[in-house]
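To find a chain, count down the sequence lines: A is the first, B the second, and so on, and within it residues start at 1.
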There are 2 protein chains.
Amino acid sequence: MWGDFVKKIPSIGEAEWQVMEVLWEKGQATFSEIRSALREHNWSQTTIHTMLTRLIKKGAVAIKEGTSPYLFYPLVSREECRRHETLAFLRRVYNGSVKLFLTNFVNDVDLSDEEIDELLKVLEKCKTSEHSHEGGK
Amino acid sequence: MWGDFVKKIPSIGEAEWQVMEVLWEKGQATFSEIRSALREHNWSQTTIHTMLTRLIKKGAVAIKEGTSPYLFYPLVSREECRRHETLAFLRRVYNGSVKLFLTNFVNDVDLSDEEIDELLKVLEKCKTSEHSHEGGK
DNA sequence: ATCTATATTCTACATTTGTAGTATGCAGTT
DNA sequence: AACTGCATACTACAAATGTAGAATATAGAT
């Protein structure tokens, strides 16, 4: 379905994901901005730097050319990362089946009827709204 | 009901999960049974053994007392593991919001209207059926 | 008792990830 | 020039995980 020429989404760890969130939120940011956005995590500066470095090496982040205090920005979108993680997760835990996921999850975790109603609404909307990617099988 | 004794669900890696699947499927199994069930993975025997050992150490698997060719069996249910993984996943990737998950995911990945209908049905059923769990959190 | 095949244990190594100390570079101030 | 602070780099270490070789135990066949 996605052919062989799919952009390879790098794997992003739990803590790294936090850093990415900041970048996705801000679009771009200097180190101090990132640091202060992550203030509550009480990570040492070097820790954050290490993560940025690794994210760069992985191709998830880049530094805008010629910026003095470096401006970091994401090279992969939150959407593609989410999709990637989601597919991996479903494959791993639910045999790749969204249906199985919903069935089990909604049973396991107590979702209130209100929440279920919300989900129903969301799904309904998705259905009616045409997703026009026909792109042949 | 379980008060503070919340059973701690161990973290289970991707490959380890495969081993657990076998155990969940069979209920219990000897090493050779497990091995042959995982045949297609082309893992060396020791690899599988290592995983079993680690799963035991983690408290995810146990050996039935006094069985000659050891009988391994799961100590944690697929359901609780799934719940655990799911919550962690949602927290990590979707800010803990199922709604966000559905919205994004259904948009990102092309779900056919049929699939959406199926999901709708599943959700509807969940709503009407009493879920008599006590609320957790 | 010996051999052999399967069962079980021990040890090892690379990679990924979280975490962080230390060191150096550079710019503005004294 | 020296000092002070932030910016950036280099190095390190432990835990988790995937992967597997080597060694030993043990039961049944010879």
Item to complete: Round to a whole Å and report the spacing from CD of E33(A) to P of dT8(D).
Response: 12 Å

Item to complete: Could you tell me the separation between the CG atom of N42(B) and the P atom of dT19(D), rounded to a whole number of Å?
Response: 11 Å

Worksheet item: Are the side chain of W43(A) and the backbone of R35(A) linked by a donor-acceptor contact shorter than 3.5 Å?
Response: no

Practice prompt. Would you tell me if any nitrogen or oxygen in the side chain of S32(A) comes within less than 4.0 Å of OP1 or OP2 on dA7(D)?
Written response: yes

Practice prompt. Run through R54(A), K58(A), K57(A) and flag the one making a salt bridge (Lys or Arg N to Asp or Glu O under 4.0 Å) with E16(A).
Written response: K58(A)

Worksheet entry | Rounded distance in Å - NZ (K57(B)) to P (dC10(C)) | 11 Å

Worksheet item: Can you check whether W43(B) has a side-chain N or O nearer than 4.0 Å to OP1 or OP2 of dA20(D)?
Response: no

Discussion item. When you measure from the side-chain N and O atoms of Y70(B) to the phosphate of dA25(D), is any distance below 4.0 Å, counting only OP1 and OP2?
Written reply: no

Fill in: hbond_proxy T50(A) side chain to dA20(C) base (donor-acceptor, 3.5 Å cutoff)
yes

Discussion item. Membership question, hydrophobic clusters at under 4.5 Å side-chain separation (ILVMFWY): are Y70(B) and L75(B) in the same one?
Written reply: no

Discussion item. Count I, L, V, M, F, W, Y as connected when their side-chain heavy atoms are under 4.5 Å apart, and connections chain through other members. Are V76(A) and Y73(A) then in the same cluster?
Written reply: no

Response to the item:
Q18(B) atom CD is separated from dG18(D) atom C1', nearest whole Å, by 13 Å

Response to the item:
Closest non-hydrogen atoms of R82(A) and W17(A), given as atom of the first, atom of the second and distance, are N-CH2, 4.1 Å

Worksheet item: Over how many whole Å does the gap from I34(A) atom CD1 to dC6(D) atom C1' extend?
Response: 15 Å

Practice prompt. Take F101(B) and F89(A) through the test ring-ring contact (aromatic ring centres under 6.0 Å, His included) and record every step on the way to the result.
Written response: CA-CA 12 Å; F101(B) 161 76; F89(A) 164 73; 7.5 Å; no

Discussion item. So, OP1 or OP2 of dA20(C): does either fall under 4.0 Å of a side-chain N or O from T47(A)?
Written reply: yes

Practice prompt. Round to a whole Å and report the spacing from CD1 of I48(A) to P of dC6(D).
Written response: 15 Å

Worksheet item: When the distance from CG of L52(B) to P of dT17(D) is rounded to whole Å, what number comes out?
Response: 15 Å

Worksheet, complete the sentence: Picking from dT9(C), dA20(C), dT19(D), the nucleotide nearest the side-chain atoms of T46(B) would be dT9(C)

Under-3.5 Å N/O pairs linking protein and nucleotides 14-17 of chain C:
unit_1, atom_1, unit_2, atom_2, d
dT17(C), OP1, S11(A), OG, 3.0
dT17(C), OP2, K58(A), NZ, 2.8

Practice prompt. Using whole Å, report how far CD1 of I63(B) lies from P of dT8(C).
Written response: 7 Å

Worksheet item: Closest heavy-atom contact between K26(B) and E33(B)?
Response: CE-O, 4.4 Å

